There are 2 protein chains.
Amino acid sequence: MFSRVLQISLVTRKKGCRAAVVKAKKTTIHDVAKAANVSIAAVSFALNGKGTLSQATREHIIATAEHIGYQADALARGLRRSRLGAIGIVNRSLDLLGEYFLPGIDAFDRTISTLSALALQRGLAPVVLPDLTGASIPAISLALDGYIIVSPQSGDPVLELLDNREIPYACIGFDPSQAGFRSWASEDDAESCLQVMEHFRRQGAQHPSLLRGESENSWNVSSEQAYRTWCAAQGVQPQVHVLDESSGVAGAVGLFDKLWPQNKTDAIYAMTARHAVGIVTAALDQGVDVPGELLVATGSDSEAARFSRPAISAIQLNPNEVCADALNLLIERMEEREPSGPVLRRAKFRPRSSSLRR
Amino acid sequence: MFSRVLQISLVTRKKGCRAAVVKAKKTTIHDVAKAANVSIAAVSFALNGKGTLSQATREHIIATAEHIGYQADALARGLRRSRLGAIGIVNRSLDLLGEYFLPGIDAFDRTISTLSALALQRGLAPVVLPDLTGASIPAISLALDGYIIVSPQSGDPVLELLDNREIPYACIGFDPSQAGFRSWASEDDAESCLQVMEHFRRQGAQHPSLLRGESENSWNVSSEQAYRTWCAAQGVQPQVHVLDESSGVAGAVGLFDKLWPQNKTDAIYAMTARHAVGIVTAALDQGVDVPGELLVATGSDSEAARFSRPAISAIQLNPNEVCADALNLLIERMEEREPSGPVLRRAKFRPRSSSLRR
DNA sequence: CACATTGTATAAAACGTTTTATGTCCTTAA
DNA sequence: TTAAGGACATAAAACGTTTTATACAATGTG
């Protein structure tokens with residue numbers, strides 16, 4: 001553990017040299033053909049294990065290709081095969097917020113890097129992309145082999161675009177307006193909601209309410225749906241508040257100040273962590289005891305929830321699993337196999353002081 | 001804020017249909033040419049604002065292209081222009097660790113998503129890639145327009161590869177063995193180290209020591225160098241410990257248990273946050289008072305440092321700025337302009353209870 | 001001996017662009 | 001009337017592959 005390997009290799013490298021002067025010419029399939037004294041078709045066949053070549057020439061070609069350090073050009077190959085070996089990752093929540101720099105929202109970063117790592121594991125290059133319907137997207141945006149769409153919105157135009165072009169995609173979450181679509185993976189948001197409601201009830205809450213985000217993605221929609229169903233079954237008057245996701249802590253503080261005390265809720269399930277933090281903050285400011293007078297829980301665990309005082313009860317999500325599921329579903333579609341989805345993951349509710357009486 | 005816009009568009013989409021049956025044929029430049037009754041060359045010229053066309057035909061072509069929804073194929077264009085509009089992002093620390101799933105290390109995720117967002121802002125598609133010298137990398141890996149190499153190692157083979165092929169790149173951090181290279185951006189790690197040492201001295205430390213990671217990147221190398229220089233100037237015996245980065249909290253605990261109490265250091269600057277947490281944990285376990293008997297600080301701020309008890313003093317880095325600097329340097333090289341780097345950012349030292357006596 | 005079959009290898013078309021090299025028509029100057 | 005030039009448009013080459021169609025032996029069959 002203390003050993004220190006100083007592996008400074010003393011390569012002399014042309015560093016920072018003006019690269020323009022002499023363009024290093026690529027070694028192409030023609031070079032290999034010339035070196036091996038065969039046609040370029042033979043080279044292609046040998047390297048791809050196709051065609052009808054004798055074992056001898058096959059080996060000879062592979063050897064010379066290796067010798068002169070040939071590597072097929074990805075673009076030329078992609079053009080011909082119409083397969084590039086790369087997939088796009090589009091996060092519709094970020095698109096909707098119109099803001100790609102979100103300090104403190106580690107969930108988005110996490111999703112991107114997890115999907116990237118998983119894609120690489122399967123030999124696919126991950127390309128992060130913005131709203132595919134945008135005007136000035138990178139040229140490569142629509143040339144990839146498939147797409148993972150994170151948090152599609154209801155009636156999402158990006159999905160429509162991909163459908164029209166018959167480009168394979170899979171979603172994390174689903175488009176609430178497309179009931180028949182099957183290639184999606186998600187946390188079981190409805191079930192999570194029920195866990196929270198049952199917990200609230202056991203802790204003595206009579207009038208639990210829901211605070212969801214504004215955007216019409218499956219996370220918000222399924223949760224609200226589950227909440228309303230639960231209310232109906234329990235004979236409870238449902239009470240749903242909708243707040244712009246980007247309003248953050250301040251937004252929830254504003255909401256609470258407007259609400260309290262006319263409103264007679266005694267438990268709030270705030271889907272986004274920062275809204276939950278805002279509710280707790282505002283409540284304490286107004287002298288409302290949490291959890292004494294008001295129970296609070298949130299739908300996505302995070303540092304913000306864990307380190308708030310009191311610590312906020314939260315649904316602990318499974319980003320790694322859900323990302324892996326989505327990627328499997330995408331690859332399935334890329335290979336034109338029948339969709340095996342949707343795939344749901346059960347999330348675990350972590351009760352903390354914000355919703356534990358006594 | 002409470003308004004709820006339900007924008008369910010009632011598009012009927014062919015969802016989940018077997019895409020293979022009828023391959024939707026792409027609209028190509030030939031289709032546009034036919035529709036506008038001109039040659040494909042004319043279309044290309046019109047759409048790229050080149051060639052010698054009358055204003056009239058130019059506009060006519062653009063209109064028809066728009067009308068039939070033409071978009072140039074990125075691969076064909078890339079093949080011809082040898083420019084794809086995409087850049088690669090390679091994190092050598094992750095490569096070295098051989099592990100791309102690092103729970104709790106938000107810094108790496110952060111770098112990836114920040115670089116991605118910045119690249120997109122400039123119209124470049126970001127592609128996350130593993131070690132470019134690897135055997136089974138995605139085909140596209142070496143076909144991009146340029147590369148950002150995060151934390152290159154001393155004598156890094158990836159840089160050598162890029163140099164040989166004369167592919168533009170810029171680094172975050174630098175290769176310690178390549179003094180003349182200029183296209184890199186970084187935190188001013190040497191200066192950060194001095195800030196910590198001066199702080200230790202002011203707090204009464206006599207024998208400050210350094211705990212660095214094993215890998216030979218500029219972060220570790222510059223810090224150690226600065227530390228040794230400072231020690232020499234102060235007439236202090238330098239004391240450097242090297243620990244594998246991936247050993248995490250447990251690694252640092254093990255180190256401390258082996259070290260203490262023969263070792264007579266009274267302040268430790270642990271570069272990585274999890275090592276600092278390990279030191280603090282092990283110290284408290286052995287009844288060593290922090291900061292009473294031992295001062296601790298770390299070189300990269302994080303949740304782990306902030307929420308440790310006592311909270312750990314830390315260097316607060318500027319990932320956004322450094323990423324932006326690196327991207328600027330890369331674009332500079334892609335446009336064959338003279339390198340304007342290196343660019344250093346001064347980080348701020350945040351003293352917390354772990355190193356504040358009284 | 002004629003004819004089909006098999007085993008190897010190649011020529012050439014195709015992928016969808018960009019760009020260079022030609023061309024045609026029209027105007028102007030000699 | 002002819003040459004020279006300008007304005008506009010196109011044909012064709014090129015980018016580097018993959019793949020289809022074709023060629024040419026050598027071998028087997030009736």
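Computed from a predicted model, the values in this text were never measured in an experiment. Keep in mind that the numbers below use all heavy atoms, side chains included, and drop hydrogens, waters and symmetry copies.
Nearest heavy-atom pair, A/C171 versus A/A326, reported as atom, atom and distance to 0.1 Å: O-CB, 4.1 Å.
Looking at heavy-atom distances under 4.0 Å, A/T28 makes contact with sugar-phosphate atoms alone, never a base. As judged by a 4.0 angstrom heavy-atom cut-off over every strand, B/S54 is placed among residues touching the sugar-phosphate backbone only. Contacts of A/L75 with the nucleic acid, taken as non-hydrogen atoms under 4.0 Å apart, are absent. Within 4.0 Å (heavy atoms only), A/S82 reaches no atom of the nucleic acid at all.
In this structure B/I29 satisfies the side-chain contact (heavy atoms from CB on, under 4.5 Å) test together with B/I40, B/V43, B/S44, B/Y70, sequence neighbours excluded.
Nucleotides of DNA chain C with any atom under 4.0 Å from a heavy atom of chain A span, from 5' to 3', C/dT8 to C/dG16.
Looking only at side-chain heavy atoms (C-beta outward), B/I140 and B/L84 come within less than 4.5 Å of each other. Residues A/L327 and A/C323 form no side-chain contact, since every pair of their non-hydrogen atoms from C-beta on lies 4.5 Å or further apart. The shortest distance between side-chain heavy atoms of A/D145 and A/P168 does not fall below 4.5 Å.
The residues A/D31 and A/K34 are annotated as not salt-bridged, no charged nitrogen and carboxylate oxygen being separated by less than 4.0 angstrom.
When each of B/R58 and A/K50 is assigned the nucleotide of DNA chain D bearing its nearest heavy atom, the one mapping closer to the 5' terminus is B/R58. In terms of position on DNA chain C, the residue among A/A41 and A/T52 whose nearest nucleotide sits closer to the 5' end is A/T52.
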Item to check | Pairing pattern in dot-bracket form [Watson-Crick, G-U; both distances under 3.5 Å; | = partner strand] for DNA chain D | outcome: ||||||||||||||||||||||||||||||
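Of the residues listed (A/D131, A/L97, A/V150), the one engaging A/R92 in a side chain to side chain contact (heavy atoms under 4.5 Å, CB included) is A/D131, and it is the only one.
Annotation: cation-pi geometry not satisfied between B/R58 and B/F45 (NZ/CZ under 6.0 angstrom from ring centroid, within 45° of ring axis).
With rounding to whole Å, B/I61 atom CD1 is found 8 Å from D/dA9 atom P.
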